[in-house]
**Student:** 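Quick one: the structure is below, questions incoming.
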Amino acid sequence: MSQVRVRFAPSPTGFFHIGSARTALFNWLYARHTGGVLVLRIEDTDKERNSEQFLNVIYESLDWLGLNWDEGPKAGGNFGPYRQSERSAVYREYLEKLKAAGRTYEKDGAVWFKLIGERTEVFDERRQKTVTKVKVEPTVINDLIRGRVERVEDEDFIIVRSDGNPVFHFVNVVDDIAMQITHVIRGEDHLSNTSKHVELFKAFGAPLPQFAHIPLILKQNGPGKMSKRDQGALIEEYQRRGYLPAALVNFLCLLGWNPGDDREKMPIEEIIRLFDLPGINQSNARFDDKKLAHMNMVYLLGLPADRFVERARTYFQLHAADAPALQAEAAYFREVMLLSQPKIKGLEELPAYTQYLFTEDYGTDPKMKEKVMARGDPKARLGELIAGLAALDFSSDSAIEESIKALAARHGLGFGDYQSVARLAVSGTNVGPSLTSLFRVLGKERVRQRLERLLAAV
RNA sequence: GUCCCCAUCGUCUAGCCCGGUCAGGACACCACCCUUUCACGGUGAGAACCGGGGUUCGAAUCCCCGUGGGGACGCCA
């Protein structure tokens, strides 16, 4: 059995979105699973829409997701060039083959591919024009995911535009032949096109690759497939929001594929081991950002301390470069981040979640303040805390807890009686790490200042 | 409109191929527990075989027809 060769063939005409990412991912998984080769081919035959900027988005997104390619731009290979805009010579050569075989003709300045069979003129209501139908045998494709699919391709189609540029169907097939692609793994939106492609393969006398049409990702709200304009569709958005690429990849794997049991969070090596084309679902999947967010949290929770701190710092640098957090000592920054790691769902919560730990200029949640001040005698508690502060043992979380409990006991109270007002004083809010951790991290002096400031304000 | 694909909780899905399970898990939602706030976590609840025929002792599972969803029908890819 010869080596598997698959390709991911994006067109740099838009941003890189979730659907493209999953197609790339499934090709990558299959290549890695079989020990085959992943080819990256840039389909930039449409000069009007092509752009270097979009091309870089593709490279960066694949890179971020960890989907490396074995052949293609930047990687090289024996079947290049890998940008279709640089392959005109190849297309000319293949076009000559079709011409020599009598399978083309010119009309309106464009080159058409000629089907073989009896021809009749019919009026097409939808397109409001007369078209030529050709009586041909149905094209059969044995799709690895869908099984046997039969479709009749009964109209000639353009393969070279009047401006001389070849179109998608033609270059796609020519390159799959020239690059010796063995498996075509692509979105189901191409299933109907496949009959055109099969006709071309046959006209070239080339062996058919195996086809595997994967289900589409539907937009979360409203009808239809996800497009680059939809909310949450772009890969770069997740990159920007500090999502872990491993979490996104894991999530994407589970959209249309599963290991056959209940496992969800899985190391990529395990996914590669189990992944196979026939295991892919046949039905479309709706995108669910809540589940993605959950997967991201699970990965965040599982990150080793150093890696989490590193990610956190990168996030701050990207989004809050002027944040006091980045001015803080590395050890302090680390401590605050590790306090936050088990509490947050995404890195994007970090700046707001930790802001009061890096500045004295933090706001107070008015609703929270009202609530806390309305219950018990918070001013008295504040006074007691300040008076007893010098005697509190700040050496560890448990020491702080014990000494506050002791202080509370002297007044016939419990820890809880001091908690909410103390938290309000040191953080201005009611969400955050445990109070003892906040005390310890802030240190006695800053805690004193904050307690006194609140007492003075009420 | 024509052609192609698909159909299990709100969502992602297991089970289907090789008919016999209280139709399982996860996200979301709700309740309770844990708790020093907020989360995490734990327990529990509610929640699905699209409809109709057929085959069969027996159908989520096999077949047919509806219906619904999706896609394609460009000198876009």
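Chain A is the first sequence line, chain B the second, and so forth, proteins listed ahead of strands; every chain is numbered from 1. Being a predicted model, the structure only gives us computed values, none of them experimental.
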**Student:** Classify the nucleic acid contact of A:I158 as base, sugar-phosphate or nothing, counting any heavy atom under 4.0 Å across all strands shown.
**Tutor:**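 Base, at least one base atom sits under 4.0 Å.
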**Student:** Using a heavy-atom cut-off of under 4.0 Å over every strand shown, decide if A:L255 touches base, sugar-phosphate, or nothing.
**Tutor:**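 Sugar-phosphate, backbone atoms only, no base.
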**Student:** Would you mind classifying the nucleic acid contact of A:G224 as base, sugar-phosphate or nothing, using non-hydrogen atoms under 4.0 angstrom?
**Tutor:**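 Counting heavy atoms under 4.0 Å across all strands, the contact made by A:G224 is with sugar-phosphate only.
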**Student:** A:G414 near the nucleic acid: base, sugar-phosphate alone, or nothing, with a heavy-atom cut-off under 4.0 Å?
**Tutor:**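 The residue A:G414 makes no contact with any strand.
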**Student:** Can a side chain N or O of A:N281 be found less than 4.0 Å away from OP1 or OP2 on B:A14?
**Tutor:**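 So the side-chain polar atoms of A:N281 do come within 4.0 Å of the phosphate oxygens OP1 or OP2 of B:A14, strictly under.
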**Student:** Contact class for A:Q282 (heavy atom, under 4.0 Å): base, sugar-phosphate, or nothing?
**Tutor:**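 The answer is sugar-phosphate, as A:Q282 gets under 4.0 Å only of primed atoms, P, OP1 or OP2.
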**Student:** If each of A:P223 and A:I145 is mapped to the nucleotide of RNA chain B with the nearest heavy atom, which maps nearer the 5' terminus, i.e. the 5' end?
**Tutor:**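 The answer here is A:I145.
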**Student:** Determine: side-chain N/O of A:N258 to OP1/OP2 of B:U13, distance under 4.0 Å, yes or no.
**Tutor:**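 It does not, given that no N or O in the side chain of A:N258 lies less than 4.0 Å from OP1 or OP2 of B:U13.
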**Student:** Using a 4.0 Å heavy-atom cut-off across all strands, classify A:Y353 as base, sugar-phosphate, or nothing.
**Tutor:**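 Base contact.
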**Student:** Describe the nucleic acid contact of A:R126 in one word from base, sugar-phosphate, nothing, applying a heavy-atom distance below 4.0 Å.
**Tutor:**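 Counting heavy atoms under 4.0 Å across all strands, the contact made by A:R126 includes a base.
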**Student:** Quick one: does NZ or CZ of A:R5 land under 6.0 Å from the six-membered ring centre of A:F79, within 45 degrees of the ring axis?
**Tutor:**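 Yes; both conditions hold, so A:R5 lies above the ring face of A:F79.
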**Student:** If you check the A:A110 side chain, which of B:A26, B:C75, B:C3 turns out closest?
**Tutor:**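 The answer is B:C75.
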**Student:** Within 45° of the axis and under 6.0 Å from the centre of the six-membered ring of A:Y353, does NZ or CZ of A:K343 qualify?
**Tutor:**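 Judged by the rule (NZ or CZ under 6.0 Å from the ring centre, within 45° of its axis), A:K343 is not positioned above A:Y353.
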**Student:** Can you say whether a donor on the side chain of A:K291 sits under 3.5 Å from an acceptor on the base of B:A28, or the other way round?
**Tutor:**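 No, no donor-acceptor pair under 3.5 Å.
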**Student:** Whole Å only: how far is the CG atom of A:D397 from the C1' atom of B:U36?
**Tutor:**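 Rounded to whole Å, this separation is 11 Å.
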**Student:** Under the 3.5 Å rule, do the base of B:C73 and the side chain of A:S192 count as making a donor-acceptor pair?
**Tutor:**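 Such a pair does not exist between side chain and base.
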**Student:** Does A:R151 place a side-chain N or O at less than 4.0 Å from the phosphate oxygens OP1/OP2 of B:G71?
**Tutor:**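 Negative; the distance criterion is not met.
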**Student:** Classify the nucleic acid contact of A:E401 as base, sugar-phosphate or nothing, counting any heavy atom under 4.0 Å across all strands shown.
**Tutor:**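 Base, at least one base atom sits under 4.0 Å.
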**Student:** Is there, by distance only and without an angle test, a donor paired with an acceptor across the side chain of A:K343 and the base of B:U37 below 3.5 Å?
**Tutor:**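 Present.
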**Student:** For the rings on A:F308 and A:Y315, is their centre-to-centre separation under 6.0 Å?
**Tutor:**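 No - the distance between ring centres of A:F308 and A:Y315 does not fall below the 6.0 Å cut-off.
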**Student:** So what does A:P10 hit on the nucleic acid, given a heavy-atom distance under 4.0 Å: a base, only sugar-phosphate, or nothing?
**Tutor:**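 No contact.
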**Student:** Verify whether the ring centers belonging to A:F26 and A:H33 lie closer than 6.0 Å.
**Tutor:**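 No: the rings miss the under 6.0 Å criterion.
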**Student:** Would you indicate, yes or no, if B:A28 has its OP1 or OP2 atom less than 4.0 angstrom from a side-chain nitrogen or oxygen of A:K345?
**Tutor:**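 Yes, A:K345 has a side-chain N/O under 4.0 Å of OP1/OP2 on B:A28.
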**Student:** Which residue is it: A:R119, A:K133, A:K196? I am looking for the one with a salt bridge (Lys or Arg N to Asp or Glu O under 4.0 Å) to A:E155.
**Tutor:**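 It is A:K133; the other options fail the test.
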**Student:** So A:R127, base contact, sugar-phosphate only, or nothing? Heavy-atom distance under 4.0 Å.
**Tutor:**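 Sugar-phosphate, no base atom in range.
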**Student:** What contact category does A:G432 fall into here, base, sugar-phosphate, or nothing, at under 4.0 angstrom with non-hydrogen atoms?
**Tutor:**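 Base, at least one base atom sits under 4.0 Å.
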